[in-house]
Every structure is written in C-alpha cells, then in structure tokens.
Amino acid sequence: MKRIMNYVAKIISIGMIITISLNVFYTPEVNGVTQKQKAKKAYEKILNNKQKKEGDVWYALVDVDRNGVPEMINTNGYVVWNIYTYRKGKVKKASNSIYIGEGDVSYSKAKKQLMIYAGGTTNCYYIWAVRKGRVRNVGSFYAKKIWKNNKFTLRYLINGKKVSHKKFTKAMKKYTKVIKFKQWKS
C-alpha cells in the first residue's frame with residue numbers, strides 16, 4: 001500500500017511541475033511578438049496608404065471585443081469611415097459600410113460596444129459591437145423632436161421603443177469612455 005501511495009505522489013508531483021512550467025514559460029507570443037504588436041504594425045500600413053491617398057487621417061485603437069487585440073477606428077477627424085480588426089494574422093475591414101457615423105465616439109467596456117453619433121441634427125446614436133470579426137449595429141438611442149400642444153418636446157427611444165427620460169439617460173451613461181482620435185503621422 002505504501003508503495004502505491006509513493007507512486008501516486010510521484011505522479012501528482014510530476015503533474016504539478018509540468019503545470020507550473022507551462023504557466024511560467026507559456027506566453028501568447030510568437031517569436032517574441034504579441035498579436036497586439038502585430039496588429040499595430042499591420043494597422044500602420046493601412047494608415048500610411050490612407051494618408052497617401054486622402055491626406056489627413058485620424059485613428060483610435062480600442063479593444064472593443066476585449067480579446068486583447070485592439071480594433072482600429074478610422075476617421076477623417078469628423079466622419080467615422082471604418083472599423084478594422086486583426087484576426088488570424090490579417091487586418092480585416094470589420095464594418096460593412098463606408099459611413100458609420102460622425103462626431104463623438106464613446107465606449108462601454110462592460111457591454112463591449114461603441115456608441116457613435118449618427119450625424120446631422122438627428123439626435124440619434126447608433127450602438128456598434130464587434131462580433132466574430134464583423135461590426136454589427138446592435139441598437140440605437142434616439143431623442144426625437146415632436147410637435148405637441150403647440151410646442152416641441154422630446155420623445156426618447158431606445159431601439160425604437162419609447163422610454164422615460166430617466167431610463168434614456170441611465171442607458172446613455174453606460175457609454176462613458178469618450179474615444180480620443182490621434183492624427184496619423186508617418
């Protein structure tokens with residue numbers, strides 16, 4: 001019986017040593033370069049090409065889907081044109097449309113979503129999320145101006161459903177981190 005216990009103890013010890021070794025020596029790096037670093041290098045190429053074609057280029061790197069690799073939001077300083085993601089060693093345009101919105105871009109870490117002003121005088125904000133390498137519109141906030149009783153009032157809508165001002169404000173406050181864009185200089 002004692003012999004079996006010694007044998008089991010040796011096996012457990014070897015298993016623990018292997019587990020500790022893997023945890024200490026394993027990093028998600030390939031040749032000393034992380035996926036985050038590879039993504040940034042790949043985004044630099046896109047920004048350089050855009051700058052040659054368009055002149056002023058503004059961008060922000062935000063890990064929208066919280067996978068450790070940032071997405072790149074591309075703008076001309078006013079209009080948000082595209083969102084790019086880095087997956088499986090390649091940069092992919094995550095957004096389907098050329099025009100996503102304009103003005104402020106805010107982020108909710110908890111929800112893993114962006115809130116982008118739709119533009120103009122719409123009082124509408126679209127909610128975008130990166131899912132499986134694609135940008136998807138997952139909702140909206142809309143303060144609709146209506147004429148009622150000989151005056152303008154606001155009707156508050158979340159995803160097309162009427163809500164109270166209090167609920168509207170509470171939902172908007174979840175997107176607290178305003179993203180600051182940087183001008184690209186090669």
Just by modelled atom types, is the [Y] backbone N or O under 3.5 Å from a matching donor or acceptor in the [X] side chain?
| X | Y | answer |
| --- | --- | --- |
| Asn159 | Ser140 | yes |
| Gln113 | Ile127 | no |
| Tyr86 | Tyr43 | no |
| Arg131 | Asp65 | no |
| Asp56 | Trp58 | no |
| Gln51 | Trp184 | yes |
| Asp63 | Gly68 | yes |

Taking the side chain as every heavy atom from C-beta outward, state whether [X] and [Y] have any pair of such atoms under 4.5 Å apart.
| X | Y | result |
| --- | --- | --- |
| Tyr142 | Ile158 | no |
| Val62 | Pro70 | no |
| Ile46 | Met72 | yes |
| Ile116 | Trp128 | yes |
| Lys145 | Leu154 | yes |
| Lys92 | Tyr84 | no |

Looking at [atom1] of [X] and [atom2] of [Y], how far apart are the two atoms once the value is rounded to the nearest 0.5 Å?
| X | Y | atom1 | atom2 | value |
| --- | --- | --- | --- | --- |
| Ser106 | Tyr117 | OG | OH | 13.0 Å |
| Lys162 | Lys167 | NZ | NZ | 13.5 Å |
| Lys182 | Leu47 | NZ | CG | 11.0 Å |
| Ser108 | Lys177 | OG | NZ | 11.5 Å |
| Asn82 | Asn74 | CG | CG | 6.0 Å |
| Lys90 | Lys88 | NZ | NZ | 10.0 Å |

- Item | Check against side-chain contact (heavy atoms from CB on, under 4.5 Å), Leu114 and Ile83 | CA-CA 11 Å; Leu114 296 168; Ile83 298 174; 3.7 Å; yes
- Message: Go through it in stages, so that I can follow the logic: the residues are Thr169 and Lys173, the test is side-chain contact (heavy atoms from CB on, under 4.5 Å), and I'd like the CA-CA distance, side-chain angles, deciding distance and then a yes or no.
- Response: CA-CA 6 Å; Thr169 305; Lys173 284 183 181 178; 3.7 Å; yes
- Task: Using the side-chain contact (heavy atoms from CB on, under 4.5 Å) rule, take Tyr59 and Ile73 through it: C-alpha gap first, then chi angles, then the decisive distance, then the call.
- Result: CA-CA 5 Å; Tyr59 74 101; Ile73 304 169; over 6 Å; no
- Message: Hydrophobic clustering (ILVMFWY, side-chain heavy atoms < 4.5 Å, transitive) - are Met172 and Val138 grouped together?
- Response: yes
- Item | Atom of Val64, atom of Tyr107 and distance for their closest heavy-atom approach | O-OH, 3.1 Å
- Query: Please walk me through it: do Phe168 and Tyr156 pass ring pair (Phe, Tyr, Trp, His ring centres under 6.0 Å)?
  - Reply: CA-CA 6 Å; Phe168 183 85; Tyr156 300 97; 4.9 Å; yes
- Task: Sequence neighbours left out, what pairs pass salt bridge (Lys or Arg N to Asp or Glu O under 4.0 Å) with at least one residue falling in residues 39-50?
- Result: Lys50-Glu54
